[in-house]
Amino acid sequence: MKERSVTHSSFVILRSYPVQPEKVFAAFSDSAKKRRWFAEGEKAEPEVLEMDFRVGGNERIRFRAENGMVFTNHTIYRDILPDRRIVFSYTMSLGDKCFSSSQSTIELLPTQKGADLIFTEQAAFFDGVDGPKMREEGWRLLFDQLEQELAR
């Protein structure tokens, strides 16, 4: 049997956007907008995107990578303060095997130039399938894509 392991990590990403917090919040809460910046991309296409954006609501996104591998992201929204905060927990799976579990918080702060986004994640990565550096880089790329969505 393969050795089982868990790696714990936390990280914070700070981003500034030249739009009001309401517009950033809408990019997370509107399923069409979120699909464009979060789920669509060059290396994987979403097969399923189900979103119930409310406290206690679930979100499920299943991607098929260009190599045929199937990934699923299952999210539960824990706290939502419109235009200010989103707290959620999520797991990621490859096929039927869960390889990470995270608790994340998005804070939106108004600034004179738009909005600051503070993203904090606490994660547990199982059996070496994913890891802290890869996850943080993934979120940084997603926030770049969010910036493109906000410019629409």
Side-chain angles (χ1 to χ4, degrees), residues 2-17 21 23-109 115-150:
K2 185 178 178 184
E3 183 70 27
R4 306 291 302 222
S5 66
V6 62
T7 301
H8 297 274
S9 179
S10 63
F11 59 89
V12 176
I13 298 173
L14 306 173
R15 295 294 295 261
S16 295
Y17 296 108
K23 189 167 182 178
V24 181
F25 185 85
F28 284 90
S29 61
D30 179 285
S31 61
K33 291 175 183 177
K34 187 165 185 185
R35 180 184 183 99
R36 282 194 298 263
W37 72 267
F38 188 85
E40 296 176 352
E42 297 175 13
K43 301 204 184 263
E45 284 299 317
E47 292 183 339
V48 173
L49 190 149
E50 301 167 344
M51 185 173 169
D52 180 11
F53 188 80
R54 62 182 174 84
V55 174
N58 288 276
E59 176 180 289
R60 187 169 68 102
I61 304 173
R62 187 174 62 226
F63 304 89
R64 182 171 300 277
E66 60 187 357
N67 63 7
M69 296 170 71
V70 176
F71 294 87
T72 302
N73 180 324
H74 180 245
T75 299
I76 301 172
Y77 292 102
R78 304 295 183 179
D79 183 60
I80 298 172
L81 180 59
D83 306 327
R84 298 300 296 228
R85 180 177 63 233
I86 305 167
V87 180
F88 56 97
S89 56
Y90 71 98
T91 58
M92 293 187 70
S93 302
L94 174 57
D96 292 333
K97 183 178 179 181
C98 180
F99 62 86
S100 70
S101 180
S102 300
Q103 171 85 16
S104 301
T105 302
I106 294 165
E107 297 172 84
L108 300 172
L109 306 173
D116 284 346
L117 180 149
I118 304 169
F119 178 80
T120 305
E121 178 156 311
Q122 299 166 306
F125 303 96
F126 312 130
D127 306 325
V129 176
D130 191 2
K133 287 184 180 183
M134 192 181 323
R135 180 62 55 84
E136 184 174 347
E137 180 61 25
W139 274 108
R140 289 185 184 283
L141 292 171
L142 285 170
F143 291 139
D144 289 345
Q145 291 171 202
L146 172 59
E147 186 170 18
Q148 294 171 10
E149 173 65 26
L150 296 171

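None of these values were measured; they are calculated from a predicted model.
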Requested in this report: Please report the C-alpha distance between D116 and E107 in whole Å, then the side-chain angles of each, then the deciding distance to 0.1 Å, and finally whether the side chain to side chain contact (heavy atoms under 4.5 Å, CB included) criterion is met.
Outcome: CA-CA 8 Å; D116 284 346; E107 297 172 84; over 6 Å; no
Query raised in the report: Among side-chain atoms of R78 and S89, is any donor-acceptor pair under 3.5 angstrom?
Result: yes
Report task. Evaluate side chain to side chain contact (heavy atoms under 4.5 Å, CB included) for F63 paired with V48, printing each intermediate quantity in order. Result -> CA-CA 7 Å; F63 304 89; V48 173; over 6 Å; no
Query raised in the report: Hey, does F28 have a side-chain heavy atom less than 4.5 Å from the side chain of I106?
Result: yes
Query raised in the report: In terms of the angle between their ring planes, are F53 and F25 parallel, tilted or perpendicular, with boundaries placed at 30° and 60°?
Result: perpendicular
Report summary line: Between A65 and F71 the two heavy atoms that sit nearest each other are CB-CE1, 4.2 Å
Query raised in the report: Between I13 and E136, what is the shortest heavy-atom contact and its length?
Result: CD1-O, 3.9 Å
Query raised in the report: What closest approach, in Å, do S104 and Y90 show between heavy atoms, and which atom pair accounts for it?
Result: OG-CE2, 3.5 Å
Report task. Dump the intermediate steps for side chain to side chain contact (heavy atoms under 4.5 Å, CB included) on E147 and L150, then the final yes or no. Result -> CA-CA 5 Å; E147 186 170 18; L150 296 171; 5.6 Å; no
Report summary line: Between D52 and Y77 the two heavy atoms that sit nearest each other are O-CD1, 3.7 Å
Query raised in the report: Under 3.5 Å, is there a donor-acceptor pair between the Q148 and W37 side chains?
Result: no
**Report entry** Donor-acceptor contact present, side-chain N58 to main-chain I76, <3.5 Å
**Finding:** no
Query raised in the report: Is the F143 ring parallel, tilted or perpendicular to the F119 ring (thresholds 30°, 60°)?
Result: perpendicular
Query raised in the report: Can you tell me how far the CZ atom of F38 sits from the CE atom of M51, to the nearest 0.5 Å?
Result: 10.0 Å
Query raised in the report: Say you draw a straight line from CZ of R62 to OG of S93; how long is it, rounded to the nearest 0.5 Å?
Result: 11.5 Å
Requested in this report: Could you tell me which non-hydrogen atom of S9 sits nearest to which non-hydrogen atom of F125, and how far apart they are?
Outcome: CB-CE1, 4.0 Å
Requested in this report: Scan side-chain atoms only and decide if R135 and S102 contain a donor-acceptor pair under the 3.5 Å cut-off.
Outcome: yes
Report task. Could you pull out the closest heavy-atom pair between L108 and P21, with the gap in Å? Result -> CD1-O, 3.7 Å
Query raised in the report: Can you list the residues that meet the salt bridge (charged side-chain N to carboxylate O under 4.0 Å, His left out) rule with D79, with sequence neighbours excluded?
Result: R85
Query raised in the report: Residues two or more places apart in sequence or in another chain: which of them pass salt bridge (charged side-chain N to carboxylate O under 4.0 Å, His left out) with D144?
Result: R15
Requested in this report: Calculate, to the nearest 0.5 Å, the distance between atoms CD and OG1 belonging to Q122 and T105 respectively.
Outcome: 7.5 Å
Report summary line: When K34, R54, R35 are each screened for salt bridge (Lys or Arg N to Asp or Glu O under 4.0 Å) with E59, the one that passes is K34
